[in-house]
Amino acid sequence: MSADWVSVCGVDAIEPGMAGTVPVDGADEIAIFHTSGGAFYALVNKCPHKGGPLSQGIVHGDSVSCPLHNWRISLLSGQALGEDKGCTPTIPLKIEAGQVWLDRAAILARAGA
Amino acid sequence: MNRQTSIPALRHADAKERLVVIGNGMAGCRAVEEILALEPDRWAITIFGAEPRVNYNRIMLSPVLAGEKSFDEIVINSAEWYSDNGITLVSGDPVVHIDRAAQQVVSRAGRIESYDRLLIATGSDPFVIPVPGKDLPGVVTFRDLDDVETMLAAAEASSKAVVIGGGLLGLEAAHGLSLRGMTVTVVHLMPTLMERQLDEAAGYLLKSELEARGMTILTGADTAEIVEIDGHVGGVRLKDGTEIPADLVVMAVGIRPNGALAKAGGLEVERGIIVDDDMVTSDPAILAVGECVQHRGACYGLVAPIWEMCRALAAGLAAQPKGYSGSVTSTKLKVSGVDLFSAGDFSGGEGCEDIVMRDAARGIYKRVVVRDDKVIGVVLYGDTQDGNWYFDLLRQQQDVSDIREALIFGQAFAAGGALADPNAAVAALSDDAEICGCNGVSKGKVVACINGGAASLDAVRAGCKASASCGSCTDLVERLLALTLGDAVEESAKTICGCTSFGHDDVRRAIVERGFRSIPEVMQELHWSTPDGCSKCRPALNYYLLCAWPGEYVDDQKSRFVNERLHANIQKDGTYSVVPRMWGGITNPRELRAIADVVERYDARMVKVTGGQRLDIFGIRKEDLPAVWADLNAAGMVSGHAYGKSLRTVKTCVGSEWCRFGTQDSTGLGVKLEQMSWGSWMPHKFKMAVSGCPRNCAEATIKDFGVVCVDSGYELHIGGNGGIKVRATDLLTRVATEEEALEHCAAFVQLYREDAWYLERTAPWLERKGLAWIKAQLYDDPGAVKALASRFLYSQQFMQDDPWAQRAAGDRADLHSHVGRITAGPPPGGARLAMEPAE
């Protein structure tokens, strides 16, 4: 488990309760969530249901409601909550030196490189 | 580069080793105390301090500023302490150079001191935001006694202060200056005060408390510059143009570890001076401690971790290493009368559970975050009595599964054991015990009410008023229902969502009657069971507040569905569709050209004529929206609100101007209706139509508000719907003039806005309330139509500000751009990733 982090933005770039997007060449866009409680999470920006951009949903607690059909997705696990079934991949993330860092290896794996 | 591998031996047997300490602050002196405690006779100690005085307790500067303590009271080590311990204090003469090869330090005055071990405790520097005017006289930081003296002098001579920064330090400064008689405004960049220590709910309570004490708190406020008047501070101007007059500006936005001297001396420094677990730097002869260090990636600005570091340092130096492994920190705000405690991690995370308790009557908010049966975070506001108990549970990683049910009630309750079963506790209450404090209802009365036939929460609320006001006793009433009736308890009317026990009507009434002004306030006062609501209640509350306080309430973008946040309609592929307004369905060559140009310029994949008589441009990316809007604005078009719970379109037929059957100018009236009501937010979407004759080509009888023109005037129809369940309108009334038609429309819209539940169209609303009720509201009181219409028009003056023009001018650019971008780098060495800054 070698740490291989890439810094994507400052922590102030995303208002609490909102999400930011990070396009990736050759792979799915990543959504970075900043909850009103102050936590950060990164998920592939695609609802497991119909691929809706989760970054545009309403963030509440540690979950987000997809803007297309209101599926509720856990920001911790990427799992659909409630009656719905499905999972969105999560990307390991850390906060250090005021920056948001994503796990390079996880992104590479998604890029199928 | 560190080539030194061993420490020089003692020069001769009885000479003491020389320890030089840079920094006469809390960390440096505490470290010396710890060292003396372990090895009282080993060292000859010299301390260099930049300030011309003995060591004092920096965290007590706030009480000094507030006039609650004097300087003498916060001195930690008096002059005697230095002499008693044989310490040489060089104050007011800071070290300016470290010569590691010669093991010497040089002071500003040229004093040279040799060392066997050097201890760096240079602390931190206040961060000064780089805005124009930052160096003006009257701009101070809040770091040392000189700053406090400057502030006190200013408080005597002048009246207005601005504190930039709503963190711990900033708020303490603001509090102190306020007590000294100044009018204080706090300018905070983030939406929540002390956002590192508090969640939104606690931040709201703190803000309300400070405002009640007369401070002005501006959150989400970004400082553009400090304004000069006659060579001195005159005020602060924010990026939104607001200007706040001030004779004193205190910068308290944060601190930065002071590693400059260490770095110049060639030590390894990142954010702070890098140290190991024994507080040794990259040079084995040099140690560092306090706010200037970086340990395992973390820098600390609180005092508790520094004490732990000092203990580890002394132990390591005495060759009995204990090692410092980082700290869990807790915070208390030193503002008298405000009880606030936070510790650990309350930002959530894998498997975290929130336990929330709110008591609006007593202004209490408590939140304990539990993971794997252990407390990992706690926020307390209003009642911090159990702060230390929670902090102990947290630090000791104690298993709390046994006391989990009662955990939130605090130590006394959790330890009670027998009372840990809440049902048993309620059953054990005497009949005289008060259940509802707001309405003074005892347990006996509630049970009597239930036995008298009240089988639901609503019935109890109606019958004896228990839980009918603030709702904090809802849980108790529900338990009494269950204890008294068992399975026979009836479900109450629908609540807004699972976050609350209140329905839409209760919440709307409470907002108006009790004057709630923000979402966190509603959640606190009405005892929401979640920290920040959900996707159902947040948009509803946002609308209710917007409707209740026009021109005053600031729309919360976080509580808006994506379409209303981005002012366009999201499509299944994540692109957006854009519908410019076409008043009454009328357009012209200039508008059509602009639309055609947009379609080509932004590769829109389709243009479609909508059912509402306008054009829908499909396939626009969120990044392109502001540019698209700028182009459409330039041709005179504004947002069509095709995306909103708001007025959509006013469909018209051509009417008397062209049609041989037309009885009135239906297009003209349609345009006037649309101009009157565009931009208004509603409980749900709202469609109108005007037909020029009873042939009804504009389909006015399936609209929320429809006008059918007749020879004698205008028939006004309401509550129609052409959606899943088609409903034809009911006739509301007939009027003779256009002016009356417009006024009745405004009145009806306002009644709907003020009464309907969020996401309730007019059709189900009308069926729920009944046509007779709606007519009674409008016509029983002869002044009602005018009153409702004037409330609508008042609200409209704040709503008719084209959101597209605001965005096109750069407002909320963050919503339309990416925060970063990851591109595949060149192939050598396999796939690589490189970073580019965001656009």
Side-chain angles (χ1 to χ4, degrees), chain A residues 4 6-10 12-27 29-30 32 34-41 45-46 50-53 55-68 70 72 74-77 96-98 100 102 104 107-108 111-113, chain B residues 189-192 195-196 199-201 220 270-271 297 345-352 354 367 369 377 499 530-539 556-563 565-566 570-574 622 814-815 817-824 830-835 837-838:
Chain A
D4 188 11
V6 56
S7 140
V8 284
C9 63
D12 296 342
I14 307 168
E15 185 188 329
M18 301 283 260
T21 47
V22 181
V24 180
D25 262 12
E29 187 167 277
I30 293 165
I32 299 176
H34 188 185
T35 69
S36 62
F40 283 86
Y41 302 99
N45 192 16
K46 251 188 178 175
K50 300 274 185 186
S55 58
Q56 305 304 99
I58 291 183
V59 182
H60 46 98
D62 291 311
S63 60
V64 61
S65 293
C66 177
L68 292 194
N70 213 29
R72 202 154 60 82
S74 161
L75 297 176
L76 312 172
S77 62
E96 203 174 285
V100 178
L102 298 179
R104 194 190 288 263
I107 298 166
L108 274 174
Chain B
L189 182 62
M190 302 304 282
T192 302
E195 76 284 349
R196 284 174 209 279
D199 59 8
E200 196 185 7
E270 285 177 8
R271 265 187 308 153
D345 178 7
F346 45 86
S347 57
E350 191 98 40
C352 285
D354 281 315
R367 177 164 166 225
V369 185
C499 302
T530 48
D532 61 348
C534 70
S535 61
K536 269 193 191 145
C537 58
R538 288 245 306 269
D556 178 26
Q557 294 293 300
K558 305 189 292 293
S559 301
R560 285 282 188 185
F561 287 121
V562 57
N563 289 357
R565 200 185 317 129
L566 289 188
I570 195 165
Q571 302 299 325
K572 59 187 281 188
D573 65 351
K622 77 172 179 185
D814 59 311
L815 298 178
S817 55
H818 300 297
V819 293
R821 181 180 290 277
I822 294 178
T823 54
R832 276 188 54 235
L833 294 174
M835 279 306 302

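Chain A is the first sequence line, chain B the second, and so forth, proteins listed ahead of strands; every chain is numbered from 1.
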*Asks:* Within a radius of less than 6.0 Å around NZ of B:Lys622, do more than 12 heavy atoms belonging to other residues, nucleotides or ligands occur?
*Replies:* yes

*Asks:* Give a yes or no answer on whether the side chain of B:Asp532 reaches the backbone of A:His60 with a donor-acceptor pair at less than 3.5 Å.
*Replies:* no

*Asks:* Specify the closest pair of heavy atoms between A:Leu68 and B:Lys572, including all atoms of both residues, with the distance to one decimal.
*Replies:* CD1-O, 3.8 Å

*Asks:* Rounded to the nearest 0.5 Å, how far does CZ of A:Arg104 lie from CD1 of B:Ile822?
*Replies:*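 Nearest 0.5 Å value for the CD1-CZ distance: 8.5 Å.
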
*Asks:* Ignoring hydrogens and angles, tell me if any N or O in the side chain of B:Arg565 forms a donor-acceptor pair with the backbone of A:Gln56 under 3.5 Å.
*Replies:*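 Yes; at least one donor-acceptor contact below 3.5 Å.
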
*Asks:* Closest heavy-atom contact between B:Ser535 and A:Asn70?
*Replies:* OG-OD1, 3.6 Å

*Asks:* What part of B:Pro191 is in contact with chain A, defined as an atom under 4.5 angstrom from a non-hydrogen atom: side chain, backbone, both or neither?
*Replies:* side chain

*Asks:* Please classify the contact between A:Pro53 and chain B as side chain, backbone, both or neither, with a heavy-atom cut-off of under 4.5 Å.
*Replies:* side chain

*Asks:* I'd like to know which of B:Ile570, B:Val562, B:Thr530 tops the heavy-atom pair count under 4.5 Å against chain A.
*Replies:*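 Of B:Ile570, B:Val562, B:Thr530, B:Val562 has the most heavy-atom pairs under 4.5 Å with chain A.
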
*Asks:* Just jot down the ring-ring contact (aromatic ring centres under 6.0 Å, His included) partners of A:His34, sequence neighbours excluded, or say none.
*Replies:*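 Scan of A:His34 (ring-ring contact (aromatic ring centres under 6.0 Å, His included), adjacent residues dropped) gives A:Phe40.
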
*Asks:* Quick check on the interface: out of A:Gly52, A:Gly98, A:Gly17, A:Ser55, who has the most heavy-atom pairs with chain B under 4.5 Å?
*Replies:* A:Gly17

*Asks:* What part of B:Gln571 lies closer than 4.5 angstrom to a heavy atom of chain A: side chain, backbone, both or neither?
*Replies:*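 Contact with chain A: backbone only.
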
*Asks:* Where on B:Ser559 is there a heavy atom nearer than 4.5 Å to chain A: the side chain, the backbone, both, or neither?
*Replies:* backbone

*Asks:* Which region of A:Asn45, side chain (C-beta onward) or backbone (N, CA, C, O), has a non-hydrogen atom less than 4.5 Å from a non-hydrogen atom of chain B, or is it both or neither?
*Replies:* neither

*Asks:* Kindly compute the distance separating OG (A:Ser65) from CZ (B:Arg538), expressed to the nearest 0.5 Å.
*Replies:* 9.5 Å

*Asks:* Which heavy-atom pair separates B:Glu200 from A:Ser36 by the least distance, and what is that distance?
*Replies:*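 It is OE1-CB, 4.0 Å.
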
*Asks:* Just how far is it from atom CD1 of A:Ile30 to atom CZ of B:Arg821, taken to the nearest 0.5 Å?
*Replies:*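 Here the interatomic distance stands at 12.5 Å.
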
*Asks:* Within a strict 4.5 Å, meaning less than it, do heavy atoms of the A:Pro16 and B:Thr192 side chains meet?
*Replies:* no

*Asks:* Tell me, for A:Leu75 versus chain B, whether the close heavy atoms (under 4.5 Å) come from the side chain, the backbone, both or neither.
*Replies:* neither

*Asks:* Between atom CD1 of A:Ile32 and atom NE2 of B:His818, what is the distance when rounded to the nearest 0.5 Å?
*Replies:*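 The distance works out to 12.0 Å.
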
*Asks:* Do other residues, nucleotides or ligands put more than 12 heavy atoms under 6.0 Å from the NZ atom of B:Lys536?
*Replies:*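 No, NZ of B:Lys536 has 12 or fewer neighbouring heavy atoms, counting only those of other groups under 6.0 Å.
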
*Asks:* Which is it for A:Val8 and B:Val819 under the side chain to side chain contact (heavy atoms under 4.5 Å, CB included) test, yes or no, and what are the steps along the way?
*Replies:* CA-CA 7 Å; A:Val8 284; B:Val819 293; 5.7 Å; no

